[in-house]
Each structure stands twice: as C-alpha cells, then as structure tokens.
A.B. asks: 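Please see the structure below; I have some questions.
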Amino acid sequence: MKPASFDYFRPSTVEEAFQVLSQSGDDGKLIAGGQSLIPIMNMRLSAPSCLIDINGLKELSYIRADDEWIRIGALTRQREVERSALIREKSPLLTEAVPFIGHMQTRNRGTVGGSVVHADPTAELPLSLLALNGRVVIASADEKREVELSDFFITYLTTDIMPHEMLTEVKIPVAAVPMGFSFQEYSRRHGDFALVAAACVIDTDLEGRISAARLVLGGVDAVPILAEEAMDALIGETLTESLLDKAGDLACMNVDPEGDLHATREYRRHLAGVFAKRAIMAAYEKATGKGG
Amino acid sequence: MIKMSAGERVEISLKINGKVYEERTEPRKLLSDFLREECGLSGTHVGCEHGVCGACTVLVDGAAVRSCLMFAIQAEGADIQTVEGLAKDGQPHSLQKAFSECHALQCGFCTPGILMSAVDFLDSHADPTTDEIKEMLSGHLCRCTGYKGIIDAIEQAAFRRKEGENVNGSGDTI
C-alpha cells in the first residue's frame, strides 16, 4: 500500500510544465489533486516513473465568466466550485452535482481538470459538463486546442489527450445556462462510485413545451452517454406521464452497461431508466417554475 | 522548478501545529507516513491508505484532507494541524470534550480523523443540521460506535460554541 518510486517535478510555470511533459515522453504523469491517482498508485495499479506536480501553477485555479463562456481553470478545487456564488448563479447544475463527488475531505483537494481527464464513466463532473455542452482547452508546448466534451471521452479512463499535453481549462457556453436542470445519482453509500447517474438540462417555452433538452447518463457505458433518442422525443412536447415513460424507456434501451460485483447489467439498465426519468422530471419542473 | 530523483531524500520545511519542522523525505513518502515516522506525530492514524476510511484526515492550510492522498513533498511550506494540536494548555478542545462526554469513541482508531474533519466542518457550519453532520461523517468509517455518539458530540460542540458566541455578542449571561 505504498506507491512505487518516481522522479518528482514541481514546475512553477505552465511553460516549465510543458517542457517537462515533452521531455518525459510517455513516462510523465501529471498530478493535480491526486484523489484518484494516489489511491491507484498506493495500490500499485499505476506506477508512473515521473510525476509532474502542477499544484504550483496557481494561474490554473480560477472561475470566471464573460458574455460567452464560463471558464473553470483545471486546478480549481471541487470544493471551490461547490461554494462558488458565480457557479451557483451561472451554472447551478454544477452546484447540484459537485456534492456527490466523493466526500468533503476529498473535494477539498480534488480538482475539476483532474476529474475530467481521469474520465471515470461514473464521475459527476464529466457527466454534468457534457450535459452543459462544455468544452475542454488542451495545451502543449507548441499548440493549444479546444475539444467538445462529446468528442473528448474515448473509453474507460481514456481521453483525447496526448502524453505531452495538459488540460488547462473547462468552459461552458453561457447560452447553455438552462432554465431547468437536475443531477440525480444512485450509489450504495454516499460518496461511493455511482451505480448510475443522470444529468438533465431542459428549456421550455411559455406554454411549457420543451424547446431544448440534454440528458446524459453515467455508469452505464465506458463513457458518459448522451441519450439522444430520449432527448429528441422530448423536444416540442409538454411533459406528460406517458412522454416521461417513453423517454425513460428510450434512455435505458440505448445503454449497454456492464455487470459487476456492485450491480448486474439488468439492474444498471433498470436504474438508468428510473434515474433518467427523475432527472427529466426535476429539470422540467424547474424550467416551468413548478419545482424548487 | 523543484526536481527530485526517485529515492532522493531532501529536507522540507513545514509548519505543524504551529511549530516548524524540518525533516527529510523522498518523493514517494505519503504525508501520513511523514507525520508519523519523520515528525513522530503518531496521533494521525493510517487505516486504508486509499482515501476511503478517513482515519488519516488532517488540516492542510485549514482544509480537511486525507494525508494518505498527498505526498509529503507536496506539503512543503504548508500549515498543517493534526490531532496533537487540538488541546491547548492541557485543556482538551471543545470537540474532544464533547466526544468524551457523549461516548463518541470506543477503540479510538477513527477518532483523530473525525475530529479534524469536524474542526473544518464547524468552521463553515456554525449551526449544522443532523443531515449535514451525517454527510460530513460519510467520509469516515467507524466500526465501533454506530455513529450516534459522534453525531451527538458534534451537535453538542456546535451548540456550545453558538451559545458562547451569543454570550459574547449580547453581553448577557446564560
């Protein structure tokens, strides 16, 4: 239960970090909050030979908003997002989702960027940011690029990021700040990995017809899944019990969860439908002013 | 930029319970082991070593974190509080007193971590609900008490603190 030896680098500027990253090749591993990385290092599931600690890069810790984007720096602690008045105002889905991440004691250290690049398919931030149509900013010594979150996750713990690159920011379009939103999660114990989680954002017109909807499910596949058929079924409609049932059926029909010690495949699929419906219902009620 | 080779031991300086410590560490040494083995502060307990049990929780710059999920080298220059720093002048901290009175511990293995989390928690929750206390405690495993006594103790400490503040604020005696 002790990690293997590694060389340690703590750059004091982003440029230095890129320099070490490109020199270390495939051996270099970035550490931010370390709340997922250190457990797997302690268990020797991972033994990077070179650890690059970015906790000195204070310029990557911020929450800002302008007319177009809400921007969260990669090193921003989850606890700061949870407590941020700006996030509560501009992106309340995140305020609702973040308390489900681990525990207060791990959110104090865990970062936004770390959670997104770790790409656990049950993780709350990737799910919520995908529901909010977010993007990530990825930089290296000689390039800076942006990737839509819908293209970012490739499979379990694997993303579209190269060994010499670093995620520096996540950004959410301000236009996507929804009228209604909900984050729902089921786990055996509070703070455990979710068996299934669902994030939903909904906008409605004055008659209560759904004008825009995004529904994302986590824990049901190797990456967070955008439930597009369920979303399509909702558009242009007012939410009735039969429409809700239909959307829930579509959501769980299109996922392919794996069974494990914690839940069978069938049970996860069942939960996906139940939690999709709860998220849609709660988001719709908020959008139409019926919910809290 | 700080650079250290695998296995290299360098001296780091950090403040623990108000006192400056200068001790040597190698990169892979966890903060929990550093506190116990290099600083001799064995009040911080090591349980699961992967962030689940909460026994090793300490305050780093005022925030409750798992000391098994940090390398000691990352705490260079930090201000750390451990359970050894709670009592002042031989008097137990208000939380320690409440834990004793409410039978909030039996074997005591999980207690240092819970106390440190409770210090951070009460700093930001002056008047916590039972549910908020339970949520905070979800980050700690206790196999003896069933948690009831722990919840009672934290409620009692919060109540006394609030009562004390009222006394100070109004000038009334209760």
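Sequence lines set the chain letters: A, B, ... in the order given, protein chains first and strands last, and positions in each chain run from 1. Source: prediction; values computed, not measured.
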A.B. asks: Can you tell me if A:Tyr156 has over 12 outside heavy atoms packed within less than 6.0 Å of its OH?
C.D. replies: yes
A.B. asks: Begin with the C-alpha distance, continue with both residues' side-chain angles, and end with the deciding distance and a verdict on side-chain contact (heavy atoms from CB on, under 4.5 Å) for B:Val46 and A:Met1.
C.D. replies: CA-CA 11 Å; B:Val46 172; A:Met1 295 303 292; over 6 Å; no
A.B. asks: Within the 4.5 Å heavy-atom criterion, are B:Arg66 and A:Ile38 side-chain neighbours or not?
C.D. replies: no
A.B. asks: Considering non-hydrogen atoms only, spot the tightest contact between B:Ser117 and A:Gln105 and give its length.
C.D. replies: OG-NE2, 2.8 Å
A.B. asks: Hey, is CZ on A:Phe193 packed in by over 12 heavy atoms from elsewhere, all under 6.0 Å?
C.D. replies: no
A.B. asks: If you round to the nearest 0.5 Å, how far is CE of A:Met43 from SG of B:Cys48?
C.D. replies: 8.5 Å
A.B. asks: Do A:Met104 and B:Asp120 have side chains that approach each other closer than 4.5 Å (heavy atoms only, starting at C-beta)?
C.D. replies: yes
A.B. asks: Just checking A:Met162: does its CE atom have more than 12 heavy atoms from other residues, nucleotides or ligands closer to it than 6.0 angstrom?
C.D. replies: no
A.B. asks: Given a strict heavy-atom distance threshold of 4.5 Å, which part of A:Arg107 is in contact with chain B: side chain, backbone, both, or neither?
C.D. replies: side chain
A.B. asks: Where on A:Ala4 is there a heavy atom nearer than 4.5 Å to chain B: the side chain, the backbone, both, or neither?
C.D. replies: backbone
A.B. asks: If you count the non-hydrogen atoms of other residues, nucleotides and ligands that lie under 6.0 Å from NZ in A:Lys2, is the total more than 12?
C.D. replies: yes
A.B. asks: Is it the case that over 12 heavy atoms from other parts of the model lie below 6.0 angstrom from the CE atom of B:Met4?
C.D. replies: yes
A.B. asks: Evaluate the side-chain proximity of A:Pro39 to B:Leu69: yes if any heavy-atom separation is below 4.5 Å, no if none is.
C.D. replies: yes
A.B. asks: Tell me, do B:His140 and A:His103 make a side-chain contact under 4.5 Å, heavy atoms counted?
C.D. replies: no
A.B. asks: Counting only heavy atoms from other residues, nucleotides and ligands, does the tally under 6.0 Å from CG of A:Asp26 exceed 12?
C.D. replies: no
A.B. asks: Please check: side-chain N/O of A:Arg10 versus main-chain N/O of B:Ile2, any donor-acceptor pairing under 3.5 Å?
C.D. replies: no
A.B. asks: Treating A:Asn42 as the side-chain partner and B:Glu49 as the backbone partner, does any N or O pair qualify as donor plus acceptor under 3.5 Å?
C.D. replies: yes
A.B. asks: So which part of A:Arg83 gets closer than 4.5 Å to some heavy atom of chain B, the side chain, the backbone, both or neither?
C.D. replies: side chain
A.B. asks: Under a 4.5 Å heavy-atom cutoff, which of B:Met136, B:Glu8, B:Glu26 has the most pairs with chain A?
C.D. replies: B:Met136
A.B. asks: Counting heavy-atom pairs under 4.5 Å with chain A, which one of B:Leu30, B:Thr57, B:Val52 comes out on top?
C.D. replies: B:Leu30
A.B. asks: Need one label for B:Gln74: side chain, backbone, both or neither, based on atoms under 4.5 Å from any heavy atom in chain A.
C.D. replies: both
A.B. asks: Checking A:Leu37 against chain B: side chain, backbone, both or neither under 4.5 Å from a heavy atom?
C.D. replies: neither
A.B. asks: Less than 4.5 Å to any heavy atom of chain B: does that hold for the side chain of A:Leu51, its backbone, both, or neither?
C.D. replies: side chain
A.B. asks: For A:Ser5 versus B:Gly7, what's the shortest heavy-atom pair and its separation?
C.D. replies: OG-N, 4.5 Å
A.B. asks: Could you check which of B:Met70, B:Glu135, B:Arg28, B:His50 has the highest count of heavy-atom pairs closer than 4.5 Å to chain A?
C.D. replies: B:Arg28
A.B. asks: Going from CZ on A:Phe6 to OG on B:Ser5, what distance comes out if it is rounded to the nearest 0.5 angstrom?
C.D. replies: 12.0 Å
A.B. asks: What part of B:Ser138 gets closer than 4.5 Å to chain A, counting heavy atoms only: side chain, backbone, both or neither?
C.D. replies: both
A.B. asks: Mark yes when over 12 heavy atoms from residues, nucleotides or ligands other than A:Glu258 sit less than 6.0 Å from its CD; otherwise mark no.
C.D. replies: no
A.B. asks: Are more than 12 heavy atoms, taken from residues, nucleotides or ligands other than A:Arg44, located less than 6.0 Å from that residue's CZ atom?
C.D. replies: yes
